Amino acid sequence: MTATATSPEGVPPSGDPKPSFDFNVYLSSARERVEAALDASLGPERPESLRESMRYSLLAGGKRLRPILCLAACELVGGDAALAMPTAVALEMIHTMSLIHDDLPAMDNDDLRRGRPTNHKVYGDAMAILAGDALLSRAFEMVAVRSEGVSPDRLVQVVGELALVSGAPGLVGGQVVDLESEAKQVDLETLEYIHLHKTAALLRACVVTGALIGGADAQQVSAMRTYANGIGLAFQIIDDILDVTASSEVLGKTAGKDLVADKTTYPKLLGLESSRSRALELVAEAKSVLDPWKDKAQPLLALADYVASRDR
Ligand code: GRG
């Protein structure tokens, strides 16, 4: 046998077998770390009723896709995910506040979220608005005050990303166009505008901030933006599909709402099958920007597939 020969199992005698990546193990371990950090993230907010309302929604479960994307992007570029955890928590806080406000009677008027009654159903509209406000402020505190070991210039960039995504250029802008489009037939361009702002923008902020904290250069940050736009739109297409194909029980939120509200959705504009193909196409495009990272990209590659194949 020569020095370069492989064993019958195909493993080079000189090296260890390359450990195979197990996405389920990765996901449950990342979720566990995120849940612990979220649990520890709320300080002694007073009054107690505000704290209870904030905790009710923040710790209500959810897939935790956004914080996990942030941690994965940080590791992709060679950073220490622990340094990105306060930002990962901040992103989940922004996401949760947007869900609380989205569910309010003045917006989407929903009773069910993450398998439980919505925040305003339990605590009332005023408290739900205030809990959302407090979570948004706490998100910025997590980054600006509670991040250790990250250089101030990187943190300023992260704060900038969070400000952009939570304002008119991001979630709020998308929500406004969505509200203004109610009961109207909108074209694909408007639909994409809504989803790029309501959904993709926050996913983009997750990978961009994670990469920034991990020390990414401008080219790597730009790759993260492209990746997130693809998975963000795909995420929303799958959301639209699940709204018509899954039950409220499985989704943990009211199914069939788009049909009842006569909303324009991807399945309505393209049909179910073309919507599915479009989502797969977007995910494939998103994954292709990760090519330069080879095996290091396995978590983000698998997260992109997860977005396309999720059932809730
Ligand atoms: C941020 C200041 C500020 C205001 C928010 C209400 C609003 C303005 C925007 C609405 C944003 C919104 C609710 C977008 C929908 C995004 C979406 C598809 C949510 C579902 O995400 P999942 O499936 O949920 O990841 P889980 O529960 O798993 O976290």
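None of these values were measured; they are calculated from a predicted model. Atoms considered below: every heavy atom in the structure, side chains included; atoms not considered: hydrogens, waters and symmetry mates. Residue numbers start at 1 and run along the sequence shown.
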With a 3.5 Å distance limit and no angle check, can you tell me whether [X] reaches the backbone of [Y] through a side-chain donor-acceptor pair?
{"X": "S222", "Y": "A218", "result": "no"}
{"X": "T209", "Y": "C206", "result": "yes"}
{"X": "S147", "Y": "M142", "result": "yes"}
{"X": "T199", "Y": "L196", "result": "no"}
{"X": "T118", "Y": "D110", "result": "yes"}
{"X": "S53", "Y": "S49", "result": "no"}

Would a single hydrophobic cluster contain both [Y] and [X], if residues Ile, Leu, Val, Met, Phe, Trp and Tyr are joined by side-chain heavy-atom contacts under 4.5 Å?
{"X": "F140", "Y": "V150", "answer": "yes"}
{"X": "V122", "Y": "I129", "answer": "no"}
{"X": "L50", "Y": "Y123", "answer": "yes"}
{"X": "L136", "Y": "V159", "answer": "yes"}
{"X": "L282", "Y": "I194", "answer": "no"}

[atom1]/[X] to [atom2]/[Y] distance, rounded to the nearest 0.5 angstrom?
{"X": "R31", "Y": "K63", "atom1": "CZ", "atom2": "NZ", "answer": "8.5 Å"}
{"X": "Y227", "Y": "S288", "atom1": "OH", "atom2": "OG", "answer": "11.5 Å"}
{"X": "L38", "Y": "L58", "atom1": "CG", "atom2": "CG", "answer": "5.0 Å"}
{"X": "N109", "Y": "D102", "atom1": "CG", "atom2": "CG", "answer": "10.5 Å"}
{"X": "T87", "Y": "L212", "atom1": "OG1", "atom2": "CG", "answer": "9.5 Å"}
{"X": "I237", "Y": "L270", "atom1": "CD1", "atom2": "CG", "answer": "7.0 Å"}

Quiz item: Where do V207 and L203 land on the side-chain contact (heavy atoms from CB on, under 4.5 Å) test, with the steps shown first?
Solution: CA-CA 7 Å; V207 286; L203 301 185; over 6 Å; no
Practice problem: Would you mind listing every salt bridge (charged side-chain N to carboxylate O under 4.0 Å, His left out) that reaches into residues 214-227, with sequence neighbours excluded? | Solution: E161-R225
Quick one: are [X] and [Y] in side-chain contact, heavy atoms under 4.5 Å?
{"X": "R138", "Y": "V145", "value": "no"}
{"X": "V244", "Y": "D240", "value": "no"}
{"X": "Q175", "Y": "H101", "value": "no"}
{"X": "I68", "Y": "Y306", "value": "no"}
{"X": "I213", "Y": "R154", "value": "no"}
{"X": "L76", "Y": "L300", "value": "yes"}
{"X": "R278", "Y": "S274", "value": "no"}
{"X": "Q185", "Y": "K268", "value": "yes"}

Quiz item: Could you walk me through whether L303 and I231 pass the side-chain contact (heavy atoms from CB on, under 4.5 Å) check?
Solution: CA-CA 9 Å; L303 284 161; I231 65 161; over 6 Å; no
Practice problem: Mark yes or no: R276 above the aromatic ring of Y266, with NZ or CZ under 6.0 Å from the six-membered ring centre and no more than 45 degrees from the axis. | Solution: no
Self-check item: Geometric cation-pi criterion R66 and F235, 6.0 Å radius, 45° cone
Solution: yes
Work out which heavy atom in [X] is nearest to a heavy atom in [Y]; give both atom names and the distance.
{"X": "K198", "Y": "G174", "answer": "CG-C, 3.5 Å"}
{"X": "P299", "Y": "A72", "answer": "CB-CB, 4.3 Å"}
{"X": "L83", "Y": "P86", "answer": "O-CD, 3.6 Å"}
{"X": "A216", "Y": "V221", "answer": "CB-CG2, 3.9 Å"}
{"X": "A201", "Y": "G170", "answer": "CB-CA, 4.4 Å"}
{"X": "M97", "Y": "G132", "answer": "CB-O, 3.4 Å"}

Practice problem: Decide yes or no on side-chain contact (heavy atoms from CB on, under 4.5 Å) for L233 and N229, but give the supporting numbers first. | Solution: CA-CA 6 Å; L233 266 189; N229 281 342; over 6 Å; no
Quiz prompt | Residue among V89, L71, L65 satisfying side-chain contact (heavy atoms from CB on, under 4.5 Å) with V34 | solution = L71
Quiz item: Among T190, V186, L191, which residue meets the side-chain contact (heavy atoms from CB on, under 4.5 Å) test with V177?
Solution: T190
Exercise. Could you tell me whether E48 atom CD has more than 12 heavy atoms of other residues or ligands within 6.0 Å of it?
Key: yes
Give a yes or no on whether a salt bridge exists between [X] and [Y], defined as a side-chain N under 4.0 angstrom from a carboxylate O.
{"X": "D39", "Y": "R55", "result": "yes"}
{"X": "K263", "Y": "E182", "result": "no"}
{"X": "K287", "Y": "D305", "result": "yes"}

Quiz item: What do the steps show when you test D22 against Q298 for side-chain contact (heavy atoms from CB on, under 4.5 Å), and what is the final call?
Solution: CA-CA 9 Å; D22 185 329; Q298 278 173 326; over 6 Å; no
Exercise. For S57 and N119, test the side chains for any donor-to-acceptor distance below 3.5 angstrom and give the result as yes or no.
Key: yes
Practice problem: Evaluate the ring planes of H197 and Y193, with Trp represented by its six-membered ring, and classify them as parallel (under 30°), tilted (30 to 60°) or perpendicular (over 60°). | Solution: parallel
Practice problem: Quick one: sort the F21 and Y26 rings into parallel, tilted or perpendicular, breaks at 30° and 60°. | Solution: tilted
Exercise. Decide yes or no on side chain to side chain donor-acceptor pair (under 3.5 Å) for S181 and D178, but give the supporting numbers first.
Key: CA-CA 5 Å; S181 303; D178 194 14; 5.6 Å; no
Quiz prompt | Pairs meeting criterion ring pair (Phe, Tyr, Trp, His ring centres under 6.0 Å) with involvement of residues 60-96, two or more places apart | solution = none
Exercise. Show the numbers, then the answer: is there a salt bridge (charged side-chain N to carboxylate O under 4.0 Å, His left out) between D108 and R113?
Key: CA-CA 12 Å; D108 231 18; R113 174 68 71 180; 5.8 Å; no
